[in-house]
Amino acid sequence: MKKIIINGDKKLKGRVSISGSKNESLAILCAALLSTDRVVLKNVPNIKDISVMKNLIENIGSKITSSDNIIIAPQIINHIIKSNNVGLIRNSILLLGPLIAKRKKAIIPVPGGCNIGSRPINLHLEGLKKLGVDIKVSNGLVSAQTKELRGAKIKLGFPSVGATESIMITATVAEGQTIIYNAARESEIQGLARFLNQMGADIKGMGTDTLVINGKKELSGTEYSVSPDRIETITYMILGSFPGNEIRVENTNKEDVCEVMQTLRDMCVSIENERTDIIVRGDKDLKSANIIAKPFPNFPTDAQALITPLLCSAKGESSITDNVFPERFTHIKELRKMGAHIILKGNKATIFGQYKLKGAKVICHDLRGGMALILAGLVAKGKTIIENKHYIDRGYENYIEKLQSLGTKINLFNHKL
Ligand code: UD1
C-alpha cells in the first residue's frame with residue numbers, strides 16, 4: 001500500500017479548482033434509479049466512493065457509461081444487494097428507496113462508512129416505515145417490502161442528512177403528499193432536490209427544515225451538473241489560511257461555506273470573494289477560535305478535523321465541540337505524534353496554540369481526519385509519512401496533483417522508508 005510523504009513548512013501559493021460534491025453525487029446516483037429513461041450526470045468527482053457506488057448500481061442491473069460525464073441507463077433487475085462493497089460506503093442505504101419503489105422489495109446489507117463513531121440507520125428505516133414499507137433487520141441484512149408507497153408526515157428526531165435523502169428520494173414516487181419536518185438543510189440535500197425536480201418530482205421547501213413532496217407516478221430522465229464540493233472548498237480555504245499561504249479556491253459556491261468563512265475571518269484570515277472564486281490569505285497572526293460543529297448552516301462536522309491543525313498554529317487556547325459525531329476525533333492522537341498539544345474530553349477538544357508541528361509517522365483513520373494529517377504535514381517542520389491513504393482517496397479528487405500545483409512537496413511512495 002502506498003504511503004504519502006510530505007516535506008513540510010513551505011509557503012504555498014496558487015489556485016485550485018473545486019471538484020463536484022462527493023455527497024451530492026452519491027445521493028444523486030441512487031436517485032437516478034427512479035428514472036424511466038437515461039440520466040446524464042456532469043461534474044461527478046472521480047473518487048473511490050463513487051466507483052464503489054457505480055459498482056453497486058451495475059450489480060443491480062443498470063448500465064453505466066463513464067467518460068467526462070456519467071450516463072446511467074437505470075434498470076433494477078436484482079432486488080438483493082450482496083456486494084461486500086456496501087460495507088464501504090454509508091450511502092448505499094439510499095439504494096433501499098429506489099429498489100422498493102421499482103421492485104416492491106429489497107434486501108441490502110446494513111451499510112458501513114467512515115470510522116467516525118456509531119452510525120445507526122434507525123431514522124432512515126423509521127421514515128421508510130411511515131411511507132408504507134415493512135422492514136426487518138437481522139443478521140446484518142435489511143429486508144424490506146411494500147404493497148404501496150404512500151405519503152406521510154415524518155418528523156426527524158435529528159436533521160440527519162442521510163435520512164432526509166432516503167425519505168425524500170422514496171417519497172417522490174409515493175402516492176400522495178409527504179412532509180418531512182426537522183429535515184437536514186445541507187447543500188447536498190438542496191442539490192438532490194433540484195435533481196429530483198428536474199426528473200419531474202414535486203419537492204418544495206428546499207433549504208428550509210420542512211420539505212413538502214407531492215408524489216408522482218414516475219420520474220423521467222434528465223441532464224444534471226453536480227454542485228461544487230463544499231468540504232473540498234473548506235479544505236483548501238483552511239490550507240490558504242496558514243500564515244504566508246495564499247490560495248485562490250476556484251469554481252465553488254461561497255453560500256455553502258459561510259460559517260467556516262466567518263470563523264476564518266474571526267481568526268484574522270483575509271478572505272475575498274470574486275464571483276465563483278474565494279481568495280484566502282494567511283497574512284496575519286492567527287487568533288484562537290471556539291467552534292461547535294452542528295447541522296447546516298452551522299459549522300460542519302466534516303470541517304472540524306480539518307481546522308484542527310490551523311488552531312494548533314493560532315495564538316492561545318481554542319476548542320472544538322462536535323455535536324453531530326461526538327466520537328469523530330481519531331486524528332487527535334496522530335496530531336499529538338506531530339507535537340500538537342490537545343486535550344480531548346468527550347466530544348470537546350481543547351487545542352493549545354503555537355506549538356510548532358513537526359513531521360512524524362502517522363496513520364489515517366477516516367477521510368477528513370486523514371486530510372487533516374496532510375494539512376498538518378504541510379505546515380510541519382521536516383518529513384511526515386502518512387499511512388492508510390485509502391481513506392483520503394475515498395473523497396478527494398486528484399488531491400496529490402492539486403496540492404503539488406500549490407508548491408507542496410507531497411509524493412507517494414511504495415517502498416518501506
Ligand atoms: C452525511 C455525510 C457525512 C457528514 C454527515 C453530517 C454522506 C455520504 N456523508 O453522513 O460526510 O459528516 O452527513 O453532515 O453524505 N443518525 C442516527 N440515526 C440515523 C441517521 C443518523 O442516529 O438513522 C445520527 C448519526 O449517528 C449522527 C447524526 O445523526 O450522529 C448525523 O448523521 P447524518 O446527518 O445522517 O450523517 P450521514 O448522512 O451518515
Side-chain angles (χ1 to χ4, degrees), residues 20-31 44-45 47-50 52-53 56 85-97 110-130 135 137 142 154-169 180 182-192 209 226-227 229-235 256-257 259-260 292-306 321-331 346-347 366-372 391-392 394-396:
S21 160
K22 167 179 89 77
N23 292 347
E24 185 179 308
S25 299
L26 287 168
I28 281 172
L29 280 167
C30 297
V44 176
I47 51 174
K48 187 78 177 86
D49 272 12
I50 297 295
V52 173
M53 182 58 87
L56 287 173
N85 284 343
V86 171
L88 292 176
I89 52 168
R90 166 83 178 166
N91 260 20
S92 47
I93 190 69
L94 298 188
L95 292 168
L96 201 54
V110 175
C114 249
N115 187 15
I116 58 175
S118 131
R119 300 192 78 175
I121 52 169
N122 59 312
L123 297 173
H124 295 247
L125 302 187
E126 283 162 21
L128 294 182
K129 280 180 189 168
K130 290 220 162 119
I135 299 180
V137 183
V142 182
I154 300 168
K155 183 162 194 267
L156 293 174
F158 186 92
S160 151
V161 171
T164 304
E165 290 168 345
S166 269
I167 298 164
M168 185 162 74
I169 290 171
I180 311 177
N182 200 24
R185 298 160 61 186
E186 271 73 358
S187 55
E188 41 274 32
I189 303 281
Q190 299 176 43
L192 174 64
D209 63 2
V226 171
S227 321
D229 194 303
R230 68 191 170 97
I231 307 299
E232 190 196 22
T233 302
I234 291 169
T235 303
D256 297 342
V257 296
E259 187 61 29
V260 174
I292 302 180
K294 288 196 273 193
F296 193 85
N298 296 292
F299 194 97
T301 169
D302 292 80
Q304 60 94 340
L306 300 167
T321 305
D322 195 329
N323 282 346
V324 181
F325 289 106
E327 295 163 50
R328 194 174 204 170
F329 287 105
T330 51
H331 51 284
N347 67 339
D366 71 276
L367 166 59
R368 305 303 170 191
M371 182 49 86
Y391 283 111
I392 307 170
R394 291 178 56 165
Y396 283 94

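Note that ligands are numbered from 1 as they come in the structure, with each ligand's atoms numbered from 1 the same way. Nothing fancy with the numbering, it's 1 onward along the sequence.
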Going by distance only, is there an N or O of [X] that falls short of 3.5 Å from an N or O of ligand 1?
| X | answer |
| --- | --- |
| G162 | yes |
| N122 | yes |
| F325 | no |
| V161 | yes |
| R90 | yes |

Which pair of non-hydrogen atoms, one from [X] and one from [Y], has the smallest distance, and what is that distance?
| X | Y | result |
| --- | --- | --- |
| S187 | R230 | OG-CD, 3.2 Å |
| P295 | P159 | CG-CG, 3.7 Å |
| I167 | L123 | CD1-O, 4.3 Å |

My understanding is that we take every heavy atom of each candidate and find the minimum distance to atom 2 (C) of ligand 1. Doing that for L123, N323, N23, which one comes out nearest?
N23
Which atoms of ligand 1 are found less than 4.0 Å from any heavy atom of [X]?
| X | answer |
| --- | --- |
| V324 | 27 (C), 28 (C), 30 (O), 31 (C) |
| R328 | 12 (O) |
| H124 | 23 (O) |

So, do N298 and N323 sit near enough that their side-chain heavy atoms are less than 4.5 Å apart?
no
Side-chain touch N91/E165, heavy atoms, less than 4.5 angstrom
yes
Residues passing the side chain to side chain donor-acceptor pair (under 3.5 Å) test with N122, sequence neighbours excluded, are none
What residues, two or more places apart in sequence or in another chain, satisfy side chain to side chain donor-acceptor pair (under 3.5 Å) together with H124?
S166
Looking at ligand 1, does P120 have a heavy atom less than 4.0 Å from it?
yes
